[in-house]
Amino acid sequence: MKNLISSTIAIAIVLATFTSCNNSESSNGKSGALSSNVAEKVYVAPGEYDSHYAFLSGGYSGNLTVYGLPSGRMFKEIPVFSQFPTSGYGYSEETKPMLNTSHGFIPWGDSHHPDISQTKGEIDGRFIFINENNTPRIAKIDLKTFETTEIIEVPNSAGNHSSSFVTENTEYVVAGTRFSVPVPQRDMPIKEYKGNFKGALSFISVEPETGNMDIKFQVLMPGFNYDLSHPGRGKSHGWFFFTTYNTEEASTLLEVNASQNDKDFIAAINWKKIEAYVNAGGGTMMPTNYAHNVYDEHTHMATSTMKKEVRVVNPSEVPGAVYFLPTPKSPHGCDVDPSGEYIVGNGKLSANLTVHSFTKMLDAIEKEKFAGEAYGIPILNFEDVLAGSVEQPGLGPLHTEFDGKGNAYTTFFISSEVVKWKLGTWEVLDRQPTFYSVGHLTIPGGNSGKPQGKYMFAMNKITKDRYLPTGPEMEHSAQLYDISGDKMELLLDFPTHGEPHYAAAMRADLIKERSQKIYNLEDNKHPYAAKTDADTKVVRKGNEVHIYMTTIRSHFSPDNIEGVKLGDKVYFHLTNLEQDFDVPHGFAVLGQNSSELLVMPGQTKSSVWEPTKVGVWPFYCTDFCSALHQEMQGYIRVSPADSDVPLKWSLGEDIE
Ligand code: K7E
Ligand code: CUA
């Protein structure tokens, strides 16, 4: 492997050198002219805007990062599945419920595939969804506020990887399981996996107006690994496609035992048919447990509800809804072209890239030409559904995206390159090295019927020598290419955060116009909000002390508090009275272990503090908000548990 990678790098460097010399327009044969020409293509002058947003999954950071293209500048990290002290997400009383699951409070996640909501097959920029792989969940981020507003746990799933991809009107966000498990979970010998474990494919409905998610049904499939998925679109709208591996149903040493079969499958699911069955009362309600967490932007609070049952459907109940398309060999990515006709199976261990035809698939189903069946699910003949194959395009294909002009772009992990090829003729048109070992790639509008051409970026697993070293670990690296011409042109390297398996990107205009500037203070329905200084107070309820506090440049109200005792649980409820764009205030008190808070204009956030020592402790604003930000501070006095210091608070006068 090491040798392979180093020789790949050597080839890559040779190729890169060759390319630069070749394209150079300068008379001295050096690449200066090329560099400045390329620099112009990614240069966004100070104060000007990027043309595209890119949302990169954070992998094991559990979050989502926001970038601008073509500059590659990072704008924001949106906390999703992980506690985030930068904003207080997952630490504040309001957001803790977002991280609740049937396994209790889980402070982290492993996110892989963001996908933007769609209307009529086009990206609409309303919401972005992302999966959590480890403790299966799907999150929704509202692109008006760039806040995570909903997280739903996915029961009966394990390794929620073939997720989260949306259908062309966002009817569903779909979540498939990578690991099959006993369904329902129970104590049983691992060696009885084969034939007994199940793979749940979950169809989570998205309410058109509100975006509210609900698990409509789960299809309980044979115990394979469901790796990636994509929706049908256009003519194949109503179907969903999942790659599988480990059709051998091995439970140990999968690197050998799951690579035995010459072909695994792409599972084709006619979800419209199953939906109709379910709407007519079909399926079975199965007792289970999963959390559904919703953030309300008026109360500024999240609530977590435990759901008790889920509807499951066995494929045998709905004849004609599920088929298997033989696909060589342990396919990873499952990608559908913008027309909906071609389904690309990226066989990791296959020499050729296999492309299936949706039309041929329907035809073979119509004629009932089956090669056999697996657990009652018909298997189609490979030759009957094959549209064509790209012959020996590279080594280790992982993922494919499309430019909407009839071209496809596939990443090759082992040969470290992106290969452009033509749909229909299957000829290779171009190849460009990546640095190094590319995983996913993204074209804006990638998972839609209307890709938004021009740029493609590759997300690479190994960074090595691309930047100044930062110790043994380097952040992963992305490479931006211009794909508007016949040949791909490398424009830019930029570092990414965590492991950005996949990214969703789109033109900036739609999101930019809808972006919210403040929360309206009048609409604030938080039960502990103080909307004017007159509403501020301190209330004791047994050993709980609730401080209703406001912030405005440049003070807290109140800023002197006495009467708190050891053993008290002190809740600071901060309402930011500002109504100007981008003027948050922060809050932190000495010894606080629940993280600071960053409170947006018009918002209320709460932090709990359990003082451990008697004394007079300062609190301050953590965000440099004005020329007098350093003056934005106060004191809270903590007395012994048996003290009789009365509860008092003030601003601008001494507590007497
Ligand atoms: Cu990294 Cu899509 Cu999780 Cu391939 S996956 S690389
Ligand atoms: Cu408010 Cu600094």
Side-chain angles (χ1 to χ4, degrees), residues 56-62 109-115 130-134 136 159-165 175-179 225-230 242-243 245 330-335 344-348 396-401 410-414 416 418 434 436-442 446-447 457-462 476-478 496 498-504 549-557 559 574-578 580 582-588 596-601 603 605 618-634:
L56 278 65
S57 135
Y60 34 72
S61 86
D110 179 18
S111 54
H112 285 233
H113 307 117
D115 202 13
I130 189 164
N131 63 322
E132 205 279 271
N133 192 58
N134 184 56
N160 175 37
H161 194 261
S162 33
S163 325
S164 52
F165 298 102
T177 194
R178 178 166 144 218
F179 309 123
N225 290 40
Y226 297 85
D227 202 14
L228 276 147
S229 66
H230 261 96
F242 297 78
T243 41
Y245 67 100
S330 299
H332 186 53
C334 182
D335 300 296
V344 183
N346 302 260
K348 298 190 293 279
L398 289 185
H399 298 284
T400 299
E401 292 256 301
T410 301
T411 56
F412 291 86
F413 180 82
I414 299 173
S416 228
V418 176
T434 60
Y436 307 93
S437 296
V438 58
H440 275 273
L441 76 174
T442 294
N447 176 33
F457 57 98
M459 286 155 280
N460 306 298
K461 303 298 187 188
I462 296 170
H476 288 204
S477 174
T496 58
E499 180 170 357
H501 293 265
Y502 186 48
M549 196 178 246
T550 59
T551 62
I552 192 124
R553 283 162 286 183
S554 297
H555 62 262
F556 294 100
S557 176
D559 67 358
L574 279 100
T575 302
N576 184 353
L577 302 181
E578 306 283 354
D580 286 335
D582 199 21
V583 189
H585 291 287
F587 173 84
E596 60 92 53
L597 293 178
L598 202 62
V599 192
M600 297 306 125
Q603 192 180 40
K605 274 189 186 174
F619 54 85
Y620 68 100
C621 173
T622 48
D623 183 293
F624 207 108
C625 51
S626 72
L628 295 171
H629 154 80
Q630 289 297 80
E631 281 70 14
M632 194 163 175
Q633 64 173 63

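Note: hydrogens, waters and symmetry copies are ignored here, and every other heavy atom, side chains too, is used. Ligands are counted one by one from 1 in listed order, and the atoms in each one are counted from 1 as well.
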Parallel, tilted or perpendicular: rings of [Y] and [X] (30°, 60°):
X	Y	answer
H113	H440	perpendicular
F619	F587	tilted
F165	Y502	tilted

inquiry  = Using every non-hydrogen atom in the two residues, find where S162 and T177 come nearest and quote the distance to one decimal.
reply    =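 Smallest heavy-atom distance, with atoms named: OG-N, 3.8 Å.
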
inquiry  = With a heavy-atom distance limit of 4.0 Å, tell me whether H332 approaches ligand 1 through its side chain, its backbone, both, or neither.
reply    =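 The answer is the side chain.
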
ask   = Is ligand 1 under 4.0 Å from a heavy atom in the side chain of L228, in the backbone, in both, or in neither?
value =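 Side chain only.
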
Side-chain H-bond candidate by donor/acceptor type, D115 with N447, under 3.5 Å =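 Distance-only check passes for D115 and N447.
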
inquiry  = If we count only N and O atoms by modelled type, under 3.5 Å, do the side chains of E631 and S554 hold a donor and an acceptor together?
reply    =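 Judged by distance alone, the side chains do not pair up.
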
request  = State if K461 counts as touching ligand 1 under the rule of any non-hydrogen atom under 4.0 Å.
outcome  =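 Yes.
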
ask   = At atom 1 (Cu) of ligand 2, what angle lies between atom SG of C621 and atom SD of M632, rounded to 10 degrees?
value =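 Vertex atom 1 (Cu) of ligand 2, arms to SG of C621 and SD of M632: 110°.
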
query = Checking side-chain contact (heavy atoms from CB on, under 4.5 Å) against R553, which of L628, V583, L577 comes through?
reply =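 Testing R553 for a side-chain contact (heavy atoms from CB on, under 4.5 Å) against L628, V583, L577 leaves exactly one candidate, V583.
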
query = Restricting to N, O or S atoms of H440, which is nearest to atom 2 (Cu) of ligand 1?
reply =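 Checking each N, O and S atom of H440, the shortest distance to atom 2 (Cu) of ligand 1 belongs to NE2.
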
task = Give the atom name of whichever N/O/S atom in H585 sits closest to atom 1 (Cu) of ligand 2.
result =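 Atom name returned: ND1.
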
task = State the atoms of ligand 1, each with its element, that fall below the 4.0 Å cut-off from a heavy-atom position in H113.
result =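 Answer for ligand 1: 2 (Cu), 3 (Cu), 5 (S).
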
ask   = For atom 1 (Cu) of ligand 1, which protein heavy atom lies nearest, and how many Å away is it?
value =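 Atom 1 (Cu) of ligand 1 sits closest to the protein heavy atom H501 ND1, 2.1 Å.
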
N, O or S from H112 under 2.8 Å to atom 3 (Cu) of ligand 1 =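 Yes, since at least one N, O or S atom of H112 sits under 2.8 Å from atom 3 (Cu) of ligand 1.
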
